[in-house]
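Fair warning: this is a prediction, and the values are worked out from it, not measured in the lab.
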Amino acid sequence: MPRIVVVGSINMDLVTLAPRFPGPGETVLGSRFFTTHGGKGANQAVAAARLGAEVSMVGALGRDAFGDQLHAGLAQEGVDLAHVARLDDVGSGSASITVAEGDNQIIVVPAANARVTPAQVEAAHPAIACADAVLVQLEIPLDAVEATLRLARRENVPVILNPAPAQKLPAEWLQLASLLTPNQHELATMLGDDANTDFRELMRRAPCPVVLTRGGEGAWYRDDAHPEPAHQPGFAVDVVDTTGAGDTFNGALAVFLHEGLPQAVRKASAAAALSVTKLGAQGGMPSAREVEALLAR
Ligand code: RIB
């Protein structure tokens, strides 16, 4: 059973389904509203746990009603929460999500997530040192992201940097990551490059192995064994909600990384495809058996 550590955000997702996205100053009547558990870090942790990994999470929650619900939800998924801080003077993170036109728009209010510290990462040293892979994203302070990259590198543990939401990052950090998992926009932003540059060219410019996700089109990967970007086609499914598909992909990639990059990307693509067939970021995250069944189809 792979051991995975996720350093990242935990949010309550406030989801509205609508026939289309409103323009600035416009009101659109939606068809449904619900709250559900999310946050890129928590989503990746749950994706990995559902696939059978032993998962430990580093993050922060407020001591509010959302915090209680999110904490209980992660515990129920079997995620170890010893390194998730409960803070008295700040609320839990939230994300206002509109699902429309087969896509989504998200506004995140980080709240407690903005208080994840490098010291918390250091306190998780024993878990990180014996992990098979570490996952980190950009919804927490960048000093905590950097501490994660440096600690994992020091301990020789593969660390996957999912650079979402998009931000320009110091070039040195990109060399600390074992694997980058951006989409095209995120890769262009983090490299400080032109978003219109061909994505294969952007992949060649990255200073470490890259897996680039392209939604339903699938994923492309480049590493020392595949110096030219290789393609993993997407799996055809009925799309209900794409929220959390990238997180499912990342969680699965970490779990299957020990099987080699091509196989890990194949299984992560299958897991991500299954995740979009149900509502909510975590609603459609599959078990290992469901991934195998899709691959056998
Ligand atoms: O990647 C999807 C996630 O982004 C949502 O669950 C939301 O909380 C935001 O963090």
Side-chain angles (χ1 to χ4, degrees), residues 8-44 46-47 66 93-110 137-139 162-167 181-190 194-199 202 211-220 231-253 265 268-286 290-291 294:
S9 59
I10 312 170
N11 293 334
M12 186 60 84
D13 288 354
L14 316 174
V15 185
T16 301
L17 309 188
R20 63 180 178 82
F21 295 109
E26 188 190 7
T27 301
V28 167
L29 291 186
S31 57
R32 195 173 154 197
F33 172 81
F34 58 91
T35 58
T36 189
H37 300 181
K40 292 190 194 304
N43 292 343
Q44 294 179 17
V46 170
F66 281 173
S94 63
S96 299
I97 303 180
T98 305
V99 176
E101 305 169 35
D103 210 335
N104 63 55
Q105 285 181 344
I106 305 181
I107 299 175
V108 170
V109 177
Q137 325 74 31
L138 303 180
E139 274 184 348
N162 174 221
Q167 285 191 52
T181 56
N183 60 28
Q184 180 167 358
H185 168 66
E186 289 156 359
L187 183 55
T189 305
M190 72 190 297
D194 182 348
N196 294 319
T197 307
D198 179 75
F199 70 87
L202 287 173
V211 178
L212 184 124
T213 51
R214 286 179 61 81
E217 271 180 42
W220 292 73
H231 186 212
Q232 167 60 54
F235 293 82
V237 290
D238 292 330
V239 178
V240 173
D241 180 2
T242 58
T243 314
D247 299 328
T248 308
F249 185 93
N250 276 275
L253 198 64
V265 172
S269 300
L274 289 165
S275 78
V276 305
T277 61
K278 300 208 179 112
L279 274 180
Q282 298 174 11
M285 287 177 177
E290 288 170 311
V291 170
L294 177 60

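- Residues F249 and A272 approach most closely at CB-CB, 4.1 Å, considering heavy atoms.
- Here the CD-CH2 distance, from Q184 to W220, works out to 11.5 Å after rounding to the nearest 0.5 Å.
- Across all non-hydrogen atoms, the minimal contact from A268 to A252 is CA-CB, 3.7 Å.
- Side-chain contact between I97 and L14: absent, with no pair of heavy atoms (C-beta onward) separated by less than 4.5 Å.
- Of all heavy-atom pairs between A18 and T98, the closest is CB-CG2, 4.3 Å.
- The CZ atom of F235 lies 6.0 Å from the OG atom of S269; values are rounded to the nearest 0.5 Å.
- Between A273 and V237 the shortest heavy-atom distance is O-CG2, 3.5 Å.
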**Request:** Go through the steps for L294 and L274 under the test side-chain contact (heavy atoms from CB on, under 4.5 Å), then give the verdict.
**Result:** CA-CA 8 Å; L294 177 60; L274 289 165; 3.8 Å; yes
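- Although no hydrogens or angles enter the test, the distance criterion places a donor-acceptor pair under 3.5 Å between the side chain of H231 and the main chain of E217.
- In terms of the side chain to side chain donor-acceptor pair (under 3.5 Å) criterion, residue partners of T243 (sequence neighbours excluded) are, by chain and number, N104, D241.
- Using a 4.5 Å cut-off on side-chain heavy atoms (C-beta onward), K278 and V240 make no contact.
- Rounded to the nearest 0.5 Å, atoms OG1 (T36) and CG (L279) are 9.0 Å apart.
- Distance OG/S9 to CG/D247: 8.0 Å, rounded to 0.5 Å.
- Contact check for V239 versus T277: no side-chain heavy atoms found under the 4.5 Å cut-off.
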**Request:** Please assess N11 against S94 for the test side-chain contact (heavy atoms from CB on, under 4.5 Å), listing each intermediate value before the final yes or no.
**Result:** CA-CA 5 Å; N11 293 334; S94 63; 5.6 Å; no
**Request:** Any chance you could lay out the side-chain contact (heavy atoms from CB on, under 4.5 Å) test for N43 and M285, step after step, and finish with the verdict?
**Result:** CA-CA 9 Å; N43 292 343; M285 287 177 177; 3.7 Å; yes
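- Between P19 and V28, some side-chain heavy-atom pair lies under the 4.5 Å cut-off.
- The shortest side-chain heavy-atom distance between V211 and P182 does not fall under the 4.5 Å cut-off.
- Listed for the E101 side chain is a donor-acceptor partner under 3.5 Å among the backbone atoms of F21.
- Side-chain atoms of D13 do not come within 3.5 Å of backbone N or O of V15 as any donor-acceptor pair.
- Within the 4.5 Å cutoff, no side-chain heavy atoms of F33 are placed close to those of L17.
- Qualifying side chain to side chain donor-acceptor pair (under 3.5 Å) partners for N162, counting only residues two or more places apart in sequence or in other chains: Q44, T181.
- Counting heavy atoms from C-beta outward, M190 and H185 have side chains that stay 4.5 Å or more apart.
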**Verdict with reasoning, F199 to N183, per side-chain contact (heavy atoms from CB on, under 4.5 Å)** = CA-CA 9 Å; F199 70 87; N183 60 28; over 6 Å; no
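- Summarising the geometry of T242 relative to G102, their closest heavy-atom pair is CG2-O, 3.9 Å, with the distance given to 0.1 Å.
- Here the side chain of E139 pairs a donor or acceptor atom with the backbone of K40 at under 3.5 angstrom.
- Applying the ring pair (Phe, Tyr, Trp, His ring centres under 6.0 Å) test to F66 and every residue at least two apart in sequence or in another chain returns nothing.
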